K.L.:
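Below is a structure I'd like to ask you about.
Protein chains get the first letters and strands the later ones, always in sequence-line order, with residue 1 at the start of each. All of these numbers come straight from a predicted model, not from anything done at the bench.
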There are 2 protein chains.
Amino acid sequence: MKKILVVEDERPLAEAVAFSLEKEGYQVDIALDGERGWRMCQQGAYHLVLLDLMLPGMDGMEVCRRLRRESDVPVIMLTAKDADVDKILGLEMGADDYVTKPFNMRELVARVKAVLRRYQGEEKGKAASEGVIEAGDIALDRERHEVRVRGEVVEMPLMEFRLLELFLRHPGKALPREYLTTQVWEGDYFGQSKTLDVHVRRLREKVEEDPAHPRHIITVRGVGYRFEAGGESS
Amino acid sequence: MKKILVVEDERPLAEAVAFSLEKEGYQVDIALDGERGWRMCQQGAYHLVLLDLMLPGMDGMEVCRRLRRESDVPVIMLTAKDADVDKILGLEMGADDYVTKPFNMRELVARVKAVLRRYQGEEKGKAASEGVIEAGDIALDRERHEVRVRGEVVEMPLMEFRLLELFLRHPGKALPREYLTTQVWEGDYFGQSKTLDVHVRRLREKVEEDPAHPRHIITVRGVGYRFEAGGESS
DNA sequence: TCGACGACCAGTATCTTTTTCATCGTCGCG
DNA sequence: CGCGACGATGAAAAAGATACTGGTCGTCGA
């Protein structure tokens, strides 16, 4: 039995959605504003979150971002008509899918099913290995705050640790420099762009076998960097 | 074989509709008022419901709302004049399409087919095909920011990447030079017009098997360029 | 208080990308 | 057939991005 949280401030709509989903056999909870939605996400172990973009209190974007930091729950955004799709699905928010309002219930249910189905496959060992992210020969333990490369524990300063965590969370994705800085430095940071380079370099020194020819942290010119788990590049 | 229910109180019209649809190979039932329509919907497993808005007894709006609660059947509304389209298609009623009376049969049949087709496809969901755009032997992965031509990864600078993405998004369309420049350079660009040529050339070098005789990026004299997925041209 | 260390910044080196320029080819039209 | 406009091409200058080095500052623990 899958649990779904609907975060939506228009009560009738929220209830309509809940009703439709319950009819499909899901267990549905409703949160009428962002704050509550966020709290409920943290407590209840939901399998999927339906999130309105426009919310009183904390808006959907913020909730989604926070959610992404702390968990892997799939998120479907409910957006107004022509929202910026790239932003919603992209790194910025990282939703799994979106439905534009007004939508019909059938479509919504279809999306929910699709996302859950898709997610089922992805759910590998992440539940088992609480807090440890692995990729190839690198393992990052959030609890112990410790990194192992090829089995060896590697000392790692905070910034590099954060950076590596970011990379490990999005393997294979080209992460824009700007994204990396705002994430590592928590939003409001106006430092020199070169600072990132330095941290990347030092991270490479620790993580790469041959820092001069990185196999893991690939630079994507004009964009940022991309982390490869396996070791393919060139 | 698809089953369709027609809910319409004017018998001659209902029968005319039924006749036209049966001619197209659908199996059609008729309900002459709202109550009956509602009951038949609940029992018979219809693939689509044609619903008159004005009905004796329970009117079409009510039937539609109830229907929406309980099932996924696509609904096409038959409305008088220009009713409130937004309401009909929106959350309020959640119909899939509507046809204004008087209508001609051909149009109605077309709508029926369209809705059924659309519904069919919806099951799959477009979420799966996110991120990578493919066309013939070219694949562009936006997440990885990587391009493959005939399976091989090809290094590609930012501008060319953008350009290629534009082409891939509008295959078969002649894209005016001006459009390309404004899109790639994000609006405000006042460089030489020749710049585009150069980028196109380099893109061809990477994408075409024989850059001297391009099969993909065709120049359209006096207009701009056209991208062909397959390889037909000349 | 000192020293070690991490974070950050600036400058330079190096390389890539972008733009420009000059020339040549070709297509369409009269 | 020749002209003129437009596009293709090659080379090189200009701009831009990243890698690396070294150094300053502040913090924290000895």
Side-chain angles (χ1 to χ4, degrees), chain A residues 145 147 154-164 166-167 174-186 188-208 210-227 233-234, chain B residues 145-147 154-167 174-186 188-208 210-227 233-234:
Chain A
H145 211 271
V147 175
V154 176
E155 279 306 309
M156 195 164 293
L158 186 58
M159 291 297 133
E160 287 165 48
F161 188 89
R162 287 235 196 94
L163 201 51
L164 182 60
L166 262 186
F167 279 129
L175 305 177
R177 293 173 136 264
E178 200 212 330
Y179 172 75
L180 292 169
T181 52
T182 55
Q183 289 298 302
V184 171
W185 284 276
E186 309 203 317
D188 51 316
Y189 171 71
F190 291 97
Q192 295 295 316
S193 58
K194 303 219 191 131
T195 305
L196 178 63
D197 305 12
V198 179
H199 287 289
V200 166
R201 176 168 59 87
R202 285 215 265 270
L203 189 52
R204 275 175 176 158
E205 282 167 6
K206 300 193 174 74
V207 154
E208 300 280 0
D210 177 7
H213 304 96
R215 320 252 92 180
H216 282 303
I217 302 172
I218 314 294
T219 125
V220 182
R221 224 151 214 282
V223 181
Y225 299 90
R226 189 182 60 212
F227 182 85
S233 73
S234 80
Chain B
H145 213 273
E146 190 178 81
V147 174
V154 177
E155 280 303 312
M156 195 164 294
L158 193 56
M159 293 296 138
E160 286 165 48
F161 190 90
R162 289 231 195 96
L163 200 51
L164 181 59
E165 187 183 338
L166 261 187
F167 280 129
L175 304 176
R177 297 173 135 265
E178 200 213 328
Y179 172 75
L180 292 170
T181 51
T182 55
Q183 289 297 304
V184 171
W185 283 274
E186 303 191 329
D188 51 318
Y189 173 71
F190 293 98
Q192 299 285 319
S193 59
K194 294 286 183 169
T195 306
L196 178 63
D197 302 19
V198 180
H199 286 290
V200 167
R201 167 162 57 98
R202 283 211 277 266
L203 190 51
R204 276 174 174 160
E205 282 167 4
K206 298 192 174 76
V207 154
E208 301 281 0
D210 177 7
H213 304 95
R215 318 251 102 195
H216 282 302
I217 302 172
I218 315 296
T219 123
V220 183
R221 220 151 215 278
V223 181
Y225 299 90
R226 178 166 42 98
F227 181 85
S233 74
S234 82

K.L.:
Roughly, in whole Å, what's the span from CG in A:Leu180 to P in D:dT18?
P.N.:
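Whole-Å distance recorded here is 11 Å.
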K.L.:
Please enumerate all residues that pass salt bridge (charged side-chain N to carboxylate O under 4.0 Å, His left out) together with B:Glu178, with sequence neighbours excluded.
P.N.:
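Listed in chain order: nothing, the list is empty.
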K.L.:
Figure out the CG/C1' separation between A:Leu158 and C:dG6, and round it to whole Å.
P.N.:
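Whole-Å distance recorded here is 10 Å.
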K.L.:
Could you go over nucleotides 19-21 of chain C and give all protein N or O partners under 3.5 Å, atom names and distances?
P.N.:
from: C:dT19; atom 1: OP1; to: B:Trp185; atom 2: NE1; distance (Å): 3.1
from: C:dT19; atom 1: OP2; to: B:Trp185; atom 2: NE1; distance (Å): 3.3
from: C:dT19; atom 1: OP2; to: B:His199; atom 2: NE2; distance (Å): 3.1
from: C:dT20; atom 1: OP2; to: B:Gln192; atom 2: N; distance (Å): 3.0
from: C:dT20; atom 1: OP2; to: B:Thr195; atom 2: OG1; distance (Å): 3.0

K.L.:
Taking only side-chain nitrogens and oxygens of A:Tyr225, does any of them come within less than 4.0 Å of OP1 or OP2 of D:dA17?
P.N.:
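So the side-chain polar atoms of A:Tyr225 never come under 4.0 Å of the phosphate oxygens OP1 or OP2 of D:dA17.
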K.L.:
Could you tell me how far apart B:Leu203 (CG) and C:dT17 (C1') are, to the nearest whole angstrom?
P.N.:
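The distance from CG of B:Leu203 to C1' of C:dT17 comes to 14 Å, rounded to the nearest Å.
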K.L.:
Can you name the residues that form a ring-ring contact (aromatic ring centres under 6.0 Å, His included) with B:Phe227, not counting sequence neighbours?
P.N.:
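Counting only residues at least two positions away or on another chain, B:Phe227 forms a ring-ring contact (aromatic ring centres under 6.0 Å, His included) with B:His216.
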K.L.:
By nearest nucleotide on DNA chain D, pick out whichever of B:Gly222 and A:Arg177 is the more 5' one.
P.N.:
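Result of the comparison: B:Gly222.
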K.L.:
Between P on C:dT12 and CG on A:Asp197, what's the gap in Å once rounded to a whole number?
P.N.:
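Rounding to the nearest Å, CG of A:Asp197 and P of C:dT12 are 17 Å apart.
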K.L.:
How bent is the helix from C:dT1-D:dA30 to C:dG30-D:dC1, comparing axes over its five end pairs at each side, to the nearest 10°?
P.N.:
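Answer rounded to 10°: the end axes differ by 20°.
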K.L.:
Nearest to the side chain of A:Arg204 - D:dA17, D:dA19, D:dA8?
P.N.:
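Nearest to the side-chain atoms of A:Arg204, counting from C-beta on, is D:dA19.
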K.L.:
Side chain of B:Thr219, heavy atoms from C-beta onward: which of D:dA8, D:dA19, C:dG6 has the nearest atom to it?
P.N.:
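Nearest to the side chain of B:Thr219 among the choices is D:dA8.
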K.L.:
Distance check needed: C:dG6 C1' versus A:Glu155 CD, whole Å only.
P.N.:
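Taking atom C1' of C:dG6 as the reference, CD of A:Glu155 is at 12 Å.
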K.L.:
Nearest 0.5 Å, what's the CE-NZ distance between A:Met156 and A:Lys206?
P.N.:
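Atom-to-atom, A:Met156:CE and A:Lys206:NZ are 6.0 Å apart.
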K.L.:
Rounded to whole Å, please give me the gap between CD1 in A:Ile217 and C1' in D:dA19.
P.N.:
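In whole Å, D:dA19 C1' and A:Ile217 CD1 are 14 Å from each other.
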K.L.:
Can you name the nearest heavy-atom pair linking A:Arg204 to A:Pro211, along with the distance?
P.N.:
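Where A:Arg204 meets A:Pro211 most closely, the heavy atoms are O-CG, 4.1 Å.
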K.L.:
How long is the gap from CD on A:Gln183 to CG on A:Leu163, to the nearest 0.5 Å?
P.N.:
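Reported value, rounded in 0.5 Å steps: 11.0 Å.
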K.L.:
Give A:Phe161 one of three labels, base, sugar-phosphate or nothing, depending on what nucleic acid heavy atoms sit under 4.0 Å from its own.
P.N.:
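Nothing: the residue A:Phe161, judged by heavy atoms under 4.0 Å, touches no strand.
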K.L.:
Separation of A:His213 atom NE2 from C:dC15 atom P, in whole Å?
P.N.:
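Atom NE2 in A:His213 sits about 11 Å away from atom P in C:dC15.
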K.L.:
What pairs with B:Arg177 under salt bridge (charged side-chain N to carboxylate O under 4.0 Å, His left out), at least two apart in sequence or on another chain?
P.N.:
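Partners of B:Arg177 under the salt bridge (charged side-chain N to carboxylate O under 4.0 Å, His left out) test: B:Asp197.
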K.L.:
Would you please name every residue forming a ring-ring contact (aromatic ring centres under 6.0 Å, His included) with A:Phe167, sequence neighbours left out?
P.N.:
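So A:Phe167 forms no ring-ring contact (aromatic ring centres under 6.0 Å, His included) with any residue.
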K.L.:
Can you tell me how far NE2 of A:His199 sits from CZ of A:Phe161, rounded to the nearest 0.5 angstrom?
P.N.:
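These two atoms lie 15.0 Å from each other.
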K.L.:
Mind checking the CG-CZ spacing from A:Leu180 to A:Arg162? Nearest 0.5 Å is all I need.
P.N.:
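With rounding to 0.5 Å, CG (A:Leu180) is 13.0 Å from CZ (A:Arg162).
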K.L.:
Measure from CD on B:Glu205 to P on C:dT17 and round the result to the nearest Å.
P.N.:
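Those two atoms, CD and P, are 13 Å apart.
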